[in-house]
There are 2 protein chains.
Amino acid sequence: MPQGNSEMPCAPGQVRACTVREVLDRVGGKWSIGILVATAQGPVRFTELERRVEGISRRMLTLTLRNLERDGLLRRTVHPTVPPRVEYAATGMALELYESLVALTTWAERHRTAITDARAEYDREHGIPG
Amino acid sequence: MPQGNSEMPCAPGQVRACTVREVLDRVGGKWSIGILVATAQGPVRFTELERRVEGISRRMLTLTLRNLERDGLLRRTVHPTVPPRVEYAATGMALELYESLVALTTWAERHRTAITDARAEYDREHGIPG
DNA sequence: CCGTATCCGTAAGGATACTG
DNA sequence: CAGTATCCTTACGGATACGG
């Protein structure tokens, strides 16, 4: 998970590398997007997240949740019951980010096979990596 | 309603974690976006890239260029002159990806201070990480 | 000019066991 | 239920030196 770089001077305007970097530094980790998607429809409990985000370990779930909460993308609510009940809810900011991912999703789907083909051809012409 | 955990790797439709992952797996590295941006306006030579992508090492430039070329995002052209002249050009696919980054850029700029504030507050309430 | 090769430090993330 | 604590492996990336 991307840890916080102190501060970066990213001037506004067009698409700039360091601005995109800001996003990736928050959400470029292995599990962040999965959690974002899992919480996009409404608050989700810890164990439920563990089920929905397939393959995640309890440790990485906790760590990623903490980072997302710290960045203001998730709100953590503890209900002081027995047994404890903790809910994670996406903030407005997170939902906006979620919407911004539509473009990337579309791109990935459009070019999925093209990428696969490109890789296959590259590996044919040059040696397979290794 | 939460959709079941189908075996389908990256089904089409809405925003899905694994689909976004496909993009991040190609372009989530530290330097990929920088190179993408640097080549978005036209073909660029190796040394020029080294200058434009600030802070990149020769090694990482080469590695990242190879990966982008392999995925079909860059086209590498060698002009057999002396001294050699190698140009890297963004493909159509890459330019489409570049356009898809506008949404992310907008998001980052809109919420930059909100994120900074959230982090500061989190670190005040809990301990500063470490 | 355009790379490779080699060495090395860090940190992301997995496995596993324990707890309020 | 919702986490921590520890240990460990790996892969990303920096520094440096060399080569066609």
Side-chain angles (χ1 to χ4, degrees), chain A residues 1-6 17-18 21 24-35 38-39 43-71 74-89 122 126-127 129-130, chain B residues 17-18 21 24-35 38-39 43-71 74-89 122 126-127 129-130:
Chain A
M1 186 147 353
Q3 62 172 15
N5 289 343
S6 40
C18 67
R21 261 280 128 228
L24 294 181
D25 286 345
R26 307 291 159 233
V27 115
K30 187 171 182 182
W31 302 106
S32 303
I33 295 289
I35 293 177
T39 53
V44 187
R45 300 178 63 177
F46 186 88
T47 304
E48 178 61 22
L49 275 175
E50 205 176 354
R51 269 189 294 270
R52 288 200 204 173
V53 183
E54 217 163 331
I56 197 172
S57 69
R58 196 158 284 179
R59 178 184 127 90
M60 286 315 295
L61 180 54
T62 303
L63 286 178
T64 310
L65 286 172
R66 289 292 170 275
N67 281 321
L68 293 174
E69 187 197 356
R70 183 159 103 105
D71 292 335
L74 289 182
R75 192 182 57 255
R76 178 172 180 269
T77 311
V78 182
H79 300 85
T81 59
V82 178
R85 175 191 186 84
V86 180
E87 283 189 333
Y88 293 89
Y122 185 95
H126 316 66
Chain B
C18 68
R21 261 279 127 229
L24 295 181
D25 286 345
R26 306 294 155 232
V27 114
K30 186 171 181 180
W31 303 106
S32 304
I33 296 289
I35 293 177
T39 53
V44 188
R45 298 179 62 176
F46 185 89
T47 305
E48 179 60 22
L49 275 174
E50 206 175 355
R51 269 190 294 271
R52 288 199 203 173
V53 183
E54 215 163 330
I56 197 171
S57 69
R58 196 158 284 178
R59 176 184 128 89
M60 285 315 294
L61 180 55
T62 303
L63 285 179
T64 311
L65 286 172
R66 289 293 169 274
N67 281 322
L68 293 174
E69 188 197 355
R70 183 159 104 104
D71 292 336
L74 290 182
R75 191 181 57 255
R76 179 173 178 268
T77 310
V78 182
H79 300 86
T81 59
V82 178
R85 175 191 186 84
V86 180
E87 283 189 332
Y88 293 88
Y122 185 95
H126 316 65

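Residue numbers begin at 1 in each chain, while the letters A, B, ... track the order of the sequences.
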Item to complete: Compare all side-chain heavy atoms of A:Val27 with those of A:Asp71 and state whether any distance is below 4.5 angstrom.
Response: no
Practice prompt. Produce a footprint string for nucleotides 13-20 of chain D: one letter per nucleotide, 5' end first; B if the base is under 4.0 Å from any protein heavy atom, S if only the sugar-phosphate is, - if neither.
Written response: BBB----B
Worksheet item: How long is the gap from CD on B:Glu69 to CG on B:Leu74, to the nearest 0.5 Å?
Response: 7.5 Å
Worksheet item: More than 12 non-hydrogen atoms from neighbouring residues, nucleotides or ligands closer than 6.0 Å to CZ on A:Arg75, yes or no?
Response: no
Worksheet entry | Axial bend angle, the helix from C:dC1-D:dG20 to C:dG20-D:dC1: five-pair end segments, nearest 10° | 50°
Practice prompt. Evaluate side chain to side chain contact (heavy atoms under 4.5 Å, CB included) for B:Val53 paired with B:Thr64, printing each intermediate quantity in order.
Written response: CA-CA 12 Å; B:Val53 183; B:Thr64 311; over 6 Å; no
Fill in: Given C:dT4, D:dC1, D:dG3, the nucleotide with the shortest approach to the side chain of A:Pro83
D:dC1
Discussion item. Salt bridge or not between A:Arg51 and A:Glu48? Use side-chain N to carboxylate O under 4.0 Å.
Written reply: yes
Discussion item. For the backbone of B:Ala38 and the side chain of B:Arg52, can you confirm whether one donor and one acceptor N or O come within less than 3.5 Å of each other?
Written reply: yes
Practice prompt. May I ask you to say whether B:Glu87 pairs ionically with B:Arg85, meaning some side-chain N is under 4.0 Å from a carboxylate O?
Written response: yes
Discussion item. Once you apply a heavy-atom cut-off of 4.0 Å, does B:Thr47 come out as touching a base, just sugar-phosphate, or nothing?
Written reply: sugar-phosphate
Worksheet entry | Salt-bridge criterion met for A:Arg58 and A:Glu50 (N-O under 4.0 Å) | yes
